[in-house]
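Order of the sequence lines sets the chain letters (A, B, ...), proteins ahead of strands, with each chain counted from 1. Side-chain atoms are counted along with the backbone in the values below, which use heavy atoms only and exclude waters and symmetry mates.
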Amino acid sequence: MQAGITIRKALETNAFGVPEGPHYPYKQARQIMEPFRVPLNRSAYPFSHVTIPLGCSCVDNKAIANVFYETADLMEINGDDSFRIRSYRRAAEVIEGLPQQVSALIDEPKKLLEIPGIGKGMAANIQELCRSGKLGPHQDLLLKYRPSMLELLKIQGLGPKTIALLWSAFQVSDLASVEKLAREGKLRELPRLSEKSEQKILKAIEGYRRISGRFLLDEADRTAQKLTEHLRHIKGIEKITPAGSLRRGRETVGDLDVLITGPCCVDDEQRAGLIEEILRFPGIVEVLAKGDNKVSFKLRSGMQVDVRTLPPESYGAAMQYFTGSKNHNVSLRQRALKMGFTLSEYGLFRLDNNKRVAGASEDEIYGKLKLDCIPPELRENCGEIEAAAEHKLPHLITLKDLRGEVHMHTVETDGKCTIDEMAAAAIERGYQYIAITDHSKNLAFANGLDDKRAVQHIARIHAANQQTDGITIMAGIEVDILADGELDLSDSVLEQMDVVVASVHSAFNQEAQQMTDRLLRALSNKNVSILGHPTGRLLLRRDAYPFDMDAVLKTALKNKVAMELNAYPDRLDLNDVHLRMARERGVKIVINTDAHHTSHFEKIKYGILQARRAWLTPKDVLNTLPEKEFRQAMKHRWPTS
DNA sequence: GCCGTTTTCGGCCCGACTGTTTTCAGTCG
């Protein structure tokens, strides 16, 4: 049987003797194909199950990581050794975050073994995956169980043990069947399951179907701010801190974790009232858990919120713990143990006499572990602990390092404000320069500029610049990269611009090679200064188009074309991994909001968070430069340091 | 399956909440 066959292909060729039908909806197709245990392509499968096509030359890190994640999930259902399972997860996490492709290292096993978390076994697994497109243990587990179980794991309250139990009792593995059994009241026949459990599972399935479970950074941020405002008015709360992936600045957020402390968190009598006060927060549709120290609820948006009450002496330890990441915490606890301490969310304690040595602040905890305090954005177990031990943490970029933004739109195309309004808002933010970069003609629905209008617009921008004090307004354009890599304005017009952002806005479905050639051609145009939102992804909506990032970065470095970090929360493009890749290769970054309204400027903070996650310093980012040097950088003369 | 100032075996981070229990397993973070 061929690896990587799609449902559609299987149905078209009727390879498995299934009833013929012109077009099956995927859901139905999935049910039909279930008994055939066919490895299915990700593109054909609406959830995480993934098989790498045979002979594929570009087995990327994400694909390898996915196979390892799936193997770990299936091993869990199989009741395998939990430490072995952890090894698979750890390998997946490490590979996912690597700037270079591991597939390029398969002929150099020594280099594979240098990667932390990759030992002999995992190195062999990577080689097997890259060479044959399959992984033995993964395939074996898929034969024993069903890929649809991986989806069941996403249902809150359903874990590997219960899924294994359902399989052994009823031979069911998919959402619809479990839902049916719950409705029919059959689950309560099983040990540890009751009528109440059935209701809970049904509710969780409904919730899962309603939303995918992750939220854009700005939405999580807004919710956290509203909740903070609500909590601030409760008597006896002194400190409120949103923790978790929001504090680390991850590109999307699952649950919101908020920590509070103050006198009311210590007094038993006050605490009961406190929980009730918290639950008055508007928009709660369901309370998921209510204990002495924690309350969890679901908001109308589908977002789950956990609020934890803490005594002041543990607040730092809890902040550290609930900020994560999980892997960072595991490493930190191991370090603590080696040094004779044990670390929990309540503090750092000596192993010999159980005495607390730190806990009130994060600084104190990291300090006692002989580490510089690690900024939350770096806490991903990607070398930050080693760097902190050697006092080599980078001086990360901050919001105030930025001197300007050079990707924004006005009413001339699809923006909502005028040049003057954008300039005024930029002055308000303390910027020294901006560039107006409206769309070009290929973006007809945005009223994009042709050569003639572009020239007129330059004149308008120059005039506005003359009349405005306190900021320099540069003339720019966001020019479309056509399907063949040509730009849709003539060179003679582009030459007159201070800043040329070149972006892909059409023909997203090209093959990787075609897209790579297209981008390389655009980067070779001598007028291009920045590649705009380089991967074209829209978070939670559209995947990045495929291309060879390595080749693009090499050409960008050669031609001195900067990569954009588009800070708009649904783009965050480049992402943290690619940014780190760019930095390591010496490619410069420009951080922009792509503002279509003055209110969008504030989204720049989400770009800064991603830049920090990628270990970027002000030197890596061109729009930290003074105007004169920045103008030169836009003409391919980057600063030398 | 990984890893090593406990180095080739024997460990591997820690606690809260829930529900079905009567002392704890499963799940979650």
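Between A:Arg613 and the options A:Glu380, A:Glu377, A:Glu384, a salt bridge (Lys or Arg N to Asp or Glu O under 4.0 Å) holds for only A:Glu380. A side-chain contact (heavy atoms from CB on, under 4.5 Å) with A:Arg214 is found for exactly one of A:Arg250, A:Glu251, A:Glu219, namely A:Arg250.
At a threshold of 4.0 angstrom between heavy atoms, the contacts of A:Ile155 are confined to the sugar-phosphate backbone, with no base atom among them. Across all strands shown, A:Ser296 has no heavy atoms under 4.0 Å from either base or sugar-phosphate atoms. Across all strands shown, A:Ser82 has no heavy atoms under 4.0 Å from either base or sugar-phosphate atoms. At the heavy-atom level, A:Ile118 lies under 4.0 Å from the strands shown only through sugar-phosphate atoms. In this structure, A:Pro160 reaches the sugar-phosphate backbone alone: every heavy-atom distance under 4.0 Å involves primed, P, OP1 or OP2 atoms, never a base.
Separation of the C1' atoms belonging to B:dC17 and B:dC12 is 25 Å when rounded to the nearest angstrom. Spacing of C1' atoms, B:dG19 relative to B:dT23, comes out at 14 Å, to the nearest Å. Look at the P atom in both B:dT8 and B:dC14: the space between them is 24 Å, to the nearest Å. Here the separation of B:dT5 from B:dG1, taken at their C1' atoms, is 23 Å to the nearest Å. B:dG10 and B:dG15 are spaced 25 Å apart, taking the C1' atom of each and rounding to whole Å. Atom name P, nucleotides B:dC13 and B:dT6: the rounded distance is 16 Å, in whole Å.
Atom CG of A:Leu190 and atom P of B:dT21 are 12 Å apart (whole Å). Between the CG atom of A:Leu112 and the C1' atom of B:dG1 there is a distance of 15 Å, rounded to whole Å. When the C1' atom of B:dC28 is taken as reference, atom CZ of A:Phe322 falls 11 Å away, rounded to whole Å. As rounded to whole Å, 13 Å separates atom C1' of B:dG1 from atom NZ of A:Lys120. Going from atom CD1 of A:Ile201 over to atom C1' of B:dG19 covers 12 Å, rounded to whole Å. Counting to the nearest Å, the C1' atom of B:dC28 and the CZ atom of A:Arg89 are 13 Å from each other. Atom pair A:Asp255:CG and B:dT27:P shows a separation of 17 Å (rounding to whole Å applied). In this structure, A:Tyr69 places its OH atom 16 Å from C1' of B:dG1, rounding to the nearest Å.
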Go along nucleotides 9-18 of chain B 5' to 3' and tag each nucleotide: B for a protein heavy atom under 4.0 Å from its base, S when only backbone or sugar atoms are that close, - otherwise. ---BBBSSSS
side-chain contact (heavy atoms from CB on, under 4.5 Å) evaluation trace for A:Leu217 with A:Val253: CA-CA 6 Å; A:Leu217 198 45; A:Val253 173; 3.8 Å; yes
Evaluate A:Phe68 against A:Ile126 for side-chain contact (heavy atoms from CB on, under 4.5 Å), listing each step before the verdict. CA-CA 9 Å; A:Phe68 286 174; A:Ile126 293 169; 4.0 Å; yes
Given the rule in the salt bridge (Lys or Arg N to Asp or Glu O under 4.0 Å) test, do A:Asp73 and A:Arg89 qualify, once you have shown the distances and angles that lead to the verdict? CA-CA 9 Å; A:Asp73 285 348; A:Arg89 293 233 166 87; 2.7 Å; yes
Should A:Met339 and A:Lys370 be marked as a side-chain contact (heavy atoms from CB on, under 4.5 Å) after you check the CA-CA gap, both sets of side-chain angles, and the distance that decides it? CA-CA 10 Å; A:Met339 295 174 70; A:Lys370 298 205 184 319; 3.8 Å; yes
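Summary of the strand contacts: A:Lys161 and A:Arg90 both lie near DNA chain B, and taking for each the nucleotide with the nearest heavy atom, the more 5' one is attributed to A:Arg90. Along DNA chain B, the nucleotide nearest A:Asn125 and the nucleotide nearest A:Gly159 are compared for position; the residue whose nucleotide lies closer to the 5' end is A:Asn125.
The partner of B:dT8 is absent, by the rule that a Watson-Crick or G-U pair needs both atom distances under 3.5 Å.
Taken to the nearest 0.5 Å, the CG atom of A:Asp255 stands 9.0 Å off from the CE atom of A:Met303. The CG atom of A:Leu259 sits 10.0 Å away from atom OG1 of A:Thr309, with the distance rounded to the nearest 0.5 Å.
The side chain of A:Ser87 lies closest to B:dG1, out of B:dG1, B:dG19, B:dG29.
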